[in-house]
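Labels below follow one simple rule: chain letters A, B, ... track the order of the sequence lines, proteins then strands, and each chain is numbered from 1.
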Number of protein chains: 2
Amino acid sequence: MRIRIKDIADQAGVSVGTVDRVIHKRGNVSPAVKEKVEKVMTQLGYRRNIIASTLALNRTLRISVLLFDNKDYFWEQTRLGIEKAQDATHHYGVEVSILYCENPGDFRKKTKQILDSRPDAIMFAPLYKEEGLRFIEECHNRSIPTVLINTQLDAPDTLCYIGQDSYQSGVVAARLIHFGIPDHSSALLLNLDSSAANAQHLMDKERGFRDYFNEIQSKSVHVYAANFEHEKSQNDLRNFLSGVFEAHPDLRSIFVTNSRAYRVVECLKEDELEKLFIVGFDLIEPNIRHLKSNRINFLINQNPTLQGYLGVLNIVNHILLKKDVTPIQYLPLDIVVVENCEYYVNSDYAFPAVV
Amino acid sequence: MRIRIKDIADQAGVSVGTVDRVIHKRGNVSPAVKEKVEKVMTQLGYRRNIIASTLALNRTLRISVLLFDNKDYFWEQTRLGIEKAQDATHHYGVEVSILYCENPGDFRKKTKQILDSRPDAIMFAPLYKEEGLRFIEECHNRSIPTVLINTQLDAPDTLCYIGQDSYQSGVVAARLIHFGIPDHSSALLLNLDSSAANAQHLMDKERGFRDYFNEIQSKSVHVYAANFEHEKSQNDLRNFLSGVFEAHPDLRSIFVTNSRAYRVVECLKEDELEKLFIVGFDLIEPNIRHLKSNRINFLINQNPTLQGYLGVLNIVNHILLKKDVTPIQYLPLDIVVVENCEYYVNSDYAFPAVV
DNA sequence: TCTTAAATTGTGTGCGCACACAGAAAATCT
DNA sequence: AGATTTTCTGTGTGCGCACACAATTTAAGA
């Protein structure tokens with residue numbers, strides 16, 4: 001039998017109102033009675049009935065989310081996860097509104113807009129370090145709980161971070177490449193299409209990647225890092241890589257630090273690709289295609305959908321259910337090859353409908 | 001604003017009772033009114049409030065689970081997942097009772113016991129094919145929904161299967177071994193400690209493993225399969241393997257089809273291990289230890305915790321929330337190396353507390 | 001047409017909890 | 001001691017829904 005407040009009240013010889021006061025620490029209870037009630041509560045093993053509690057509270061929870069560039073597949077998947085969470089928590093009165101931004105200036109504008117709408121909680125990816133930290137501070141000043149996804153910042157005033165350990169994802173990439181290339185060859189770490197300067201997680205990945213090769217004894221691998229900017233065309237990329245090949249004839253692998261590995265594959269010739277061991281991120285369509293045709297060797301899954309999903313759920317957990325939230329929640333670094341790819345792409349399993 | 005039954009009733013010019021009858025298809029509603037109500041419902045986008053609904057129903061859900069050998073780590077983890085689910089659905093009135101069995105005879109005894117207790121739903125792993133199928137039929141006759149975990153059977157009369165695609169896990173294992181061994185060497189597939197004859201999933205793994213090597217062109221690998229029985233000691237295993245090494249001097253890898261890979265490692269000498277590429281299952285303590293010291297090369301994670309967790313949640317979804325349940329839910333085939341191991345071991349992320 | 005049965009519709013109560021408010025008891029002040 | 005404040009405790013209502021039961025309308029029978 002489930003224990004109700006009424007049961008405790010009867011057992012303790014008081015009314016439900018008094019028990020209620022004890023549970024919610026509303027005060028106005030004499031010490032003796034308080035103690036008695038608490039004793040009975042632990043004795044009977046009382047657990048708040050979240051169902052009834054939620055119904056009675058009858059409150060809504062407005063969550064604001066700030067994402068990036070809505071045409072990008074990665075953020076599209078994140079949005080999907082958020083929608084699944086929204087769907088799953090609909091009956092808790094959760095309302096999620098999503099804004100998108102494209103650059104630091106836009107970021108500042110949208111964050112202001114979000115603050116003006118006075119949401120109950122906020123979730124975003126602090127791709128821009130400076131702006132992100134400032135936004136976090138603003139939220140904290142207004143006591144709005146904040147969840148970070150995708151990019152980890154050293155900010156104590158947040159509810160939690162949900163995403164990968166970027167440093168370790170660089171280590172895993174290095175480990176996989178270590179598998180596939182000969183001794184005394186070299187590896188290219190490529191930041192493709194992103195303003196790497198301000199992106200903390202890319203720097204962490206590079207650190208992890210380099211550290212791995214520095215620490216192993218069994219093989220000697222030279223690591224080169226390079227950035228290639230957004231605006232350039234496939235032809236530019238081709239020429240750029242040709243330059244790298246010439247400068248480093250012993251190059252046997254490329255680690256693309258984001259989801260753009262397909263761009264590398266698509267600008268090279270077959271005979272060039274055959275010699276190259278390529279590791280990238282994210283199960284987006286072109287990447288999977290090249291994985292299946294063996295041009296990309298490994299992909300690391302960043303679980304964008306799960307990031308979005310868990311972000312929302314953690315907010316609900318914290319605010320509505322008053323549960324403790326783990327401050328740092330590292331998602332797994334899934335190693336994906338052709339043979340296990342499908343199970344990550346169709347990963348509905350991760351999102352139980354009951355909520 | 002959330003739409004309530006009352007809103008629909010007002011809009012359609014009827015009482016809440018009538019709307020209720022339409023929603024639950026209780027009949028006794030004139031066709032004209034029924035149509036009108038349904039129209040208003042879709043118009044306003046009505047969604048049943050699960051919170052209020054659950055509270056009003058005030059029913060309990062008794063789930064019986066049958067697991068194996070409670071000292072085994074794998075089933076221990078499964079139990080953990082079940083407990084997490086139980087915890088998460090406590091307020092829905094879910095009560096889970098777990099029984100353990102050790103052999104086919106015991107299985108039959110325990111299933112009888114379960115049926116006698118008339119549970120609302122049943123979950124178990126049909127390790128014994130014959131007995132499993134018979135149990136499923138019994139459940140079906142009594143219209144008790146049944147969830148299978150871990151071992152997939154071709155049984156249409158079940159609610160769903162949750163676990164890995166065993167065939168494909170054999171394929172992935174082969175792929176990983178393919179990575180690590182030279183041309184014209186051979187691989188041993190080892191069924192350790194289990195009565196492989198009656199275990200469907202072990203046969204599927206073997207099929208996948210063999211198929212992979214049969215289909216690839218780039219390398220020629222000979223596959224040997226062997227069973228080694230439960231009762232034997234480490235010394236027996238040592239002698240057995242020595243025999244295999246003599247018979248197949250070109251042996252370069254061992255695929256242990258269950259969680260006992262550590263037993264192989266622990267009975268061999270360093271110089272023997274150095275030549276061997278070992279792939280096994282499950283993130284149990286001894287396996288992880290050998291993975292970290294490079295004696296085991298890859299582990300495949302079977303997600304026992306998630307199996308247990310999702311099994312219970314799917315039952316709740318089906319019975320209490322009346323949601324559609326996916327009949328086959330394959331969990332991912334996580335490829336685990338030292339560098340990404342930790343994130344799978346501490347995978348609380350997969351179990352959102354909100355439910 | 002009136003009676004009775006059948007079909008259809010409306011009303012009331014409880015699920016367990018949160019919270020506002022009413023009420024009782026104790027403490028403080030004239 | 002009586003009046004007043006302060007502290008403490010009990011009661012009632014609503015959250016949205018499910019379901020039993022009452023009330024009404026319609027159809028069928030005499």
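For K36(A) and dT9(D), the NZ to P distance is 14 Å, given to the nearest whole Å. Taking atom CZ on R2(B) and atom P on dG16(D), their separation rounds to 7 Å, with Å as the unit. Nucleotide dT9(D) holds its P atom 15 Å from the CZ atom of R26(A), rounded to whole Å. Following rounding to the nearest Å, I51(A) (CD1) and dG16(C) (P) show an atom-to-atom distance of 12 Å. What separates CD1 of I50(A) from P of dC17(C) is a distance of 11 Å, to the nearest Å. The NZ atom of K6(A) sits 16 Å away from the P atom of dA18(C) (whole-angstrom rounding). Summarising the geometry, the separation between CD1 on I23(A) and P on dC19(C) is reported as 12 Å, rounded to the nearest angstrom. Atom CG in N49(A) sits about 13 Å away from atom C1' in dA18(C), given to the nearest Å.
Looking only at atom types and distance, the side chain of T78(B) has no donor-acceptor partner in the side chain of Q307(B) under 3.5 Å away.
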Per-nucleotide protein contact string for nucleotides 8-15 of chain C, where B marks a base within reach and S marks sugar-phosphate only (heavy atoms under 4.0 Å, - for neither): BBBB--BB
Derivation of the salt bridge (Lys or Arg N to Asp or Glu O under 4.0 Å) call for K39(B) and E35(B): CA-CA 6 Å; K39(B) 193 177 151 202; E35(B) 201 176 325; over 6 Å; no
Trace of the side chain to side chain donor-acceptor pair (under 3.5 Å) decision for Q152(A) with Y330(A): CA-CA 10 Å; Q152(A) 192 176 6; Y330(A) 285 136; 2.9 Å; yes
Full working for side chain to side chain donor-acceptor pair (under 3.5 Å) between H24(B) and D20(B): CA-CA 6 Å; H24(B) 293 89; D20(B) 176 77; 3.3 Å; yes
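Remark: Y46(A) is in phosphate contact with dC17(C), judged by side-chain N or O atoms under 4.0 Å from OP1 or OP2.
Looking at E95(B) and I63(B), their side chains never come closer than 4.5 Å, going by heavy atoms from C-beta outward. At a threshold of 4.5 Å between non-hydrogen side-chain atoms, the residues F124(B) and T146(B) count as touching.
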